[in-house]
Undergrad: 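Dropping a structure here in structure tokens format, bear with me for questions.
Because the structure is a prediction, the values reported are computed rather than measured. Side-chain atoms are counted along with the backbone in the values below, which use heavy atoms only and exclude waters and symmetry mates.
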Amino acid sequence: MAIYLKTEDEIELMRAANQLVGSTLGELARHIKPGISTASLNKIADEFIRDHGAEPTFFGFPNPYGPEFPASICCSVNGCVVHGVPREDQILKDGDILSIDCGTLLNGFNGDSAYTFPVGEISDDVRQLLITTKESLYLGIEKAVHGNHLGDIGQAIQDHCESHGYGVVRELCGHGIGRKMHEDPQVPNYGKRGNGAKLKNGMCIAIEPMITMGKRDIWLLPDKWSVVTRDGLPAAHYEHTIAVRKGTAEILSSFEEVEQIIHI
């Protein structure tokens, strides 16, 4: 495992890439409503990212099991946990939830963030899933400080979500990030305090809880990308890219523009 610590100049470049992801998610928030297709949202995101001088990292992303990713964002609806492929015939309806994962490459560095959006009016139990998942993200971030371990992050996320009766997906996890979208180390959403690699100032990681309303078991669909819950129940996904610091982690991505529009 090769973990690359980032310089202050590199962290500033990563911040710019991640802030663009936040702005892209904010732009999408203005369009997410019943009746729009996920393919339309993908087109909006692709144009927005390129108009701001960056490349959508996900487009053409390699897949060891099948075709390259054919879109610029992942659109995962309801029981799709992650990596949903946008489609013209996938029309959002009232009561759906939509997890959008977005990545940008700007000035040689990557940004990566995800947010689960309510579509119209969602049920109270689904709303609670979203609230709890986002809370777990910030609890994990609180543990992402110099001197702690990866297991501290995972345990904080796991304990919070399982205490609400939710499932924590094991097969997928967060990751290091920098010049490459996926770098070492892997960042699981479960674990034990004190286990795993030690966190050091300058490490940049993407923390991304993937939490299911029911059981944590998942399937890979025939498109070789979309990962769905086996029981068909909804799942939520939130992600921030952070820099490990002494004392308090530094969040490089942002939900600010999204949450000026979306209120859970």
Side-chain angles (χ1 to χ4, degrees), residues 1 3 5-6 11 14 18 21-22 76 81-82 97 99 101 111-116 125-177 182-218 227 229 233-256 258-259 264:
M1 182 166 63
I3 298 174
L5 303 182
K6 308 306 189 288
I11 289 173
M14 289 190 63
N18 278 283
V21 175
S76 304
V81 184
V82 287
I97 56 172
S99 298
D101 196 351
D112 191 13
S113 183
Y115 198 91
T116 301
D125 57 345
V126 172
R127 184 181 306 277
Q128 189 57 52
L129 171 67
L130 270 54
I131 291 169
T132 302
T133 304
K134 189 167 71 167
E135 288 173 345
S136 78
L137 169 61
Y138 287 105
L139 290 170
I141 291 171
E142 285 180 10
K143 300 297 183 181
V145 296
H146 181 85
N148 276 359
H149 292 259
L150 287 171
D152 299 335
I153 299 172
Q155 183 178 35
I157 293 168
Q158 180 182 8
D159 286 354
H160 187 65
C161 293
E162 289 184 349
S163 72
H164 285 78
Y166 300 137
V168 179
V169 172
R170 300 292 201 276
E171 296 86 350
L172 301 159
C173 61
H175 50 91
I177 183 171
H182 294 143
E183 298 182 352
D184 288 331
Q186 293 189 347
V187 185
N189 296 307
Y190 63 95
K192 293 184 178 180
R193 187 173 58 199
N195 284 3
K198 194 170 185 178
L199 303 175
K200 296 181 180 180
N201 186 64
M203 284 177 63
C204 290
I205 57 176
I207 301 174
E208 48 179 321
M210 290 159 270
I211 308 302
T212 63
M213 181 173 283
K215 295 181 179 180
R216 62 178 178 86
D217 305 293
I218 56 174
V227 176
T229 57
L233 293 177
H237 176 212
Y238 290 85
E239 177 182 19
H240 270 316
T241 293
I242 66 102
V244 173
R245 298 294 198 182
K246 295 178 179 178
T248 304
E250 186 175 1
I251 302 174
L252 303 179
S253 47
S254 175
F255 293 158
E256 183 177 352
V258 168
E259 292 182 343
I264 301 295

Undergrad: Can E259 and Y115 be counted as having a side-chain donor-acceptor contact under 3.5 angstrom?
TA: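 Side chains of E259 and Y115: pair found under 3.5 Å.
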Undergrad: Ignoring hydrogens, what is the shortest heavy-atom contact between S253 and H240? Give both atom names and the distance.
TA: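 Looks like OG-ND1, 2.7 Å.
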Undergrad: Looking at V82 and L172, what are the two nearest heavy atoms and their distance?
TA: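 Shortest heavy-atom separation between V82 and L172 comes out as CG2-CD1, 3.4 Å.
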Undergrad: When rounded to the nearest 0.5 angstrom, what is the spacing between CD1 in I177 and CD in E239?
TA: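 The CD1 atom of I177 sits 7.0 Å away from the CD atom of E239.
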Undergrad: Rounded to the nearest 0.5 Å, what separation is found between the NZ atom of K143 and the CD1 atom of I207?
TA: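 Reported value, rounded in 0.5 Å steps: 12.0 Å.
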Undergrad: Quick check: closest heavy atoms across A249 and I242, and the distance to 0.1 Å?
TA: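 Between these two residues, the closest heavy atoms are CB-CD1, 4.1 Å.
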Undergrad: Give, for atom CD of E142 and atom OG1 of T248, the distance between the pair rounded to the nearest 0.5 Å.
TA: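 Nearest 0.5 Å value for the CD-OG1 distance: 9.0 Å.
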Undergrad: Could you give the distance from CD (Q155) to NZ (K192), rounded to the nearest 0.5 Å?
TA: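 Q155 CD to K192 NZ: 9.0 Å, rounded to 0.5 Å.
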Undergrad: More than 12 heavy atoms of other residues, nucleotides or ligands under 6.0 Å from CD of E256: is that the case?
TA: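 At most 12 heavy atoms, drawn from other residues, nucleotides or ligands, come within 6.0 Å of this atom.
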Undergrad: Under 6.0 Å from the CD atom of Q186, do we count more than 12 heavy atoms belonging to anything else shown?
TA: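 No.
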Undergrad: About how many Å separate CD1 of I205 and NE2 of H175, when rounded to the nearest 0.5 Å?
TA: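 Reported to 0.5 Å precision, the distance equals 10.0 Å.
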Undergrad: Can you name the closest pair of heavy atoms from Y166 and I211 and give their distance?
TA: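 For Y166 versus I211, the nearest heavy atoms are CB-CG2, 3.5 Å.
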Undergrad: Check this for me: R245, atom CZ, are more than 12 non-hydrogen atoms of other residues, nucleotides or ligands nearer than 6.0 Å?
TA: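 Correct, the count exceeds 12.
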Undergrad: Starting at CG of D125, measure out to CG of L130 and round the result to the nearest 0.5 Å.
TA: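 Answer for the CG-CG pair, D125 versus L130, is 10.5 Å.
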Undergrad: Taking all non-hydrogen atoms of both residues, which atom of Q158 and which atom of V168 are closest, and how far apart?
TA: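 Smallest interatomic distance, heavy atoms only, reads CA-CG2, 4.1 Å.
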Undergrad: Please verify the inter-ring angle class for F255 with Y138; under 30° counts as parallel, over 60° as perpendicular, anything in between as tilted.
TA: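 F255 and Y138: perpendicular rings.
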Undergrad: Please report the shortest heavy-atom distance between L199 and V145, naming the atom on each side.
TA: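 So the minimum-distance heavy-atom pair works out to CB-O, 3.5 Å.
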